[in-house]
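Everything on this sheet refers to the single structure shown next.
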Protein chains: 2
Amino acid sequence: MTSPRPDEKLLHCPALVATRVIAGKWKTRVLWLLRERPHHFGELKGRLPGVSAKVLAEQLQQLERDGLIQGQAELRGGVSFVLYDYTRYGRTLIPALDALGTWGLEHAAWETGR
Amino acid sequence: MTSPRPDEKLLHCPALVATRVIAGKWKTRVLWLLRERPHHFGELKGRLPGVSAKVLAEQLQQLERDGLIQGQAELRGGVSFVLYDYTRYGRTLIPALDALGTWGLEHAAWETGR
DNA sequence: CCGCATCCCTAGCGATACTG
DNA sequence: CAGTATCGCTAGGGATGCGG
């Protein structure tokens, strides 16, 4: 349920497009971190305890394929760094991400208050 | 990845709370339909081509457990109908859903225009 | 009409190890 | 540092059928 498939003659549900793109155990978190500033692969891995290099690479590739982020390789003394950041298009998703975050905060309040 | 687990000492990411709750192949669509008006189980099943009764029931239960929707049983001549609708709390999620939907629309425009 | 019990099967995720 | 290759596992989802 990552990238849009050719099938699905289903229900017209615009929200589904967005959920498909951000579905994936780490994508929301990656997007959240990148909102702050660009990150290197290693930085992301460091700030996401529990993720394996393989899976993180997969998720980043998918986000890149979907046009939300892009990685810029920079060689520092023969050692490769890749800096990931939002694309212009990817940034258009941020308001929606904020809406989800806002609700998450309300949720926390509701959880403790019931 | 449906209901919050006791583990996950991870990153503070409020948006993740929301994504966990709406994660599931049919939840977004169900929530989208309920936005319009309350629906019976059978109605939902009818408007969601491809879903099986079992899976739909599961997804509805999870949404109910998470406090977003609630089902009201009404017996019509010995035949049981269950009417599903948002809870007051569930409605607080609608703005976030709208944000996702809005982006989905922009996405469609972007897709055709590149 | 609705929910539940069974069985199965695939996609996503994770651990490890190895190249540029 | 970044990415790839293998292998394995488990949870989510799907098909079918019974019972309330």
Side-chain angles (χ1 to χ4, degrees), chain A residues 1-8 10-11 16 19-30 34 38-66 69-85, chain B residues 1-11 16 19-30 38-66 69-85:
Chain A
M1 202 162 97
T2 54
S3 296
R5 299 253 201 86
D7 57 286
E8 315 229 8
L10 288 167
L11 171 75
L16 201 54
T19 59
R20 258 207 296 261
V21 162
I22 62 175
K25 187 165 178 180
W26 305 96
K27 290 189 191 172
T28 310
R29 292 185 263 236
V30 167
L34 290 187
H39 282 69
H40 295 288
F41 183 94
E43 270 183 310
L44 289 173
K45 182 151 168 37
R47 298 188 67 179
L48 295 172
V51 74
S52 72
K54 177 204 145 192
V55 172
L56 181 54
E58 280 175 358
Q59 308 265 310
L60 290 171
Q61 280 170 24
Q62 289 171 12
L63 289 172
E64 203 164 5
R65 271 200 284 275
D66 289 330
I69 68 174
Q70 82 192 35
Q72 181 65 41
E74 58 178 291
L75 290 174
R76 283 187 196 170
V79 185
S80 62
F81 271 70
V82 181
L83 191 62
Y84 287 95
D85 194 8
Chain B
M1 202 160 99
T2 52
S3 295
R5 299 250 201 86
D7 57 285
E8 316 230 8
K9 305 290 178 194
L10 288 167
L11 172 74
L16 202 52
T19 59
R20 260 208 295 260
V21 162
I22 63 174
K25 187 163 179 182
W26 305 96
K27 290 190 192 171
T28 309
R29 293 185 263 237
V30 167
H39 283 68
H40 296 287
F41 183 93
E43 271 182 311
L44 289 174
K45 181 150 171 39
R47 297 188 66 179
L48 295 172
V51 74
S52 73
K54 178 208 145 191
V55 172
L56 180 54
E58 279 174 358
Q59 307 264 312
L60 290 171
Q61 279 169 24
Q62 289 171 13
L63 289 172
E64 202 164 6
R65 269 200 286 274
D66 289 331
I69 68 173
Q70 81 192 37
Q72 181 64 42
E74 56 179 291
L75 291 173
R76 282 188 196 170
V79 184
S80 62
F81 271 71
V82 182
L83 190 61
Y84 288 96
D85 194 8

Quiz item: Just how far is it from atom CG of A:L16 to atom CZ of A:R20, taken to the nearest 0.5 Å?
Solution: 5.0 Å
Quiz prompt | Rounded distance (Å) that lies between atom C1' of C:dG3 and atom CD of B:E64 | solution = 12 Å
Quiz prompt | Presence of B:Q61 side-chain N/O under 4.0 Å of C:dC4 phosphate oxygens OP1/OP2 | solution = yes
Quiz prompt | Whether over 12 other heavy atoms sit under 6.0 Å from A:E74 CD | solution = yes
Exercise. Looking only at side-chain atoms of A:V82, point me to the closest of D:dC1, D:dG20, D:dG3.
Key: D:dG3
Quiz item: What's the CZ-C1' distance between B:R20 and C:dG12, to the nearest Å?
Solution: 17 Å
Exercise. In whole angstrom, give the distance that lies between atom NZ of B:K27 and atom C1' of D:dA11.
Key: 13 Å
Write down the protein N/O and nucleotide N/O pairs, taken from nucleotides 14-17 of chain C, whose separation is under 3.5 Å; answer none if there are no such pairs.
residue, atom, partner, partner atom, Å
C:dG14, OP1, A:K25, NZ, 2.6
C:dG14, OP2, A:W26, NE1, 2.9
C:dG14, N7, A:K54, NZ, 3.2
C:dG14, O6, A:K54, NZ, 2.3

Exercise. Take the protein atom CD of B:Q72 and the nucleotide atom P of C:dG3, then report the distance between them rounded to whole Å.
Key: 12 Å
Quiz item: Any side-chain heavy atom of A:V51 sitting closer than 4.5 Å to one from A:L44?
Solution: no
Exercise. Quickly work out the A:K45 NZ to C:dC13 P distance and round it to whole Å.
Key: 15 Å
Self-check item: Aromatic plane relationship, A:H40 with A:F81 - under 30° parallel, 30 to 60° tilted, over 60° perpendicular
Solution: perpendicular
Exercise. Using a cut-off of strictly less than 4.0 Å, decide whether B:Y84 has a side-chain nitrogen or oxygen near OP1 or OP2 of C:dC2.
Key: no
Exercise. Starting from C1' on C:dA11, measure out to CD on A:Q62 and report it in whole angstrom.
Key: 11 Å
Self-check item: Integer-rounded Å distance: C:dG3 C1' and B:L44 CG
Solution: 15 Å
Quiz prompt | side-chain contact (heavy atoms from CB on, under 4.5 Å) evaluation trace for B:Q72 with B:D85 | solution = CA-CA 8 Å; B:Q72 181 64 42; B:D85 194 8; over 6 Å; no
Exercise. Check whether any side-chain N or O of A:Q59 sits under 4.0 Å from OP1 or OP2 of C:dG12, and answer yes or no.
Key: no
Self-check item: Nearest to side-chain heavy atoms of A:F81, which nucleotide of D:dT4, C:dC2, D:dA2
Solution: D:dA2
Quiz item: Side-chain donor or acceptor of B:S80 under 3.5 Å from a matching atom on the base of C:dC1?
Solution: yes
Quiz prompt | Reported NE2-to-CG distance for the pair B:H39 and B:L48, which is rounded to 0.5 angstrom | solution = 8.5 Å
Practice problem: Please report the closest heavy-atom contact between B:Y84 and B:I69, naming both atoms and the distance. | Solution: CD2-CD1, 4.0 Å
Quiz prompt | Atom pair distance, as rounded to whole Å: CD in A:Q70 and C1' in D:dA2 | solution = 17 Å
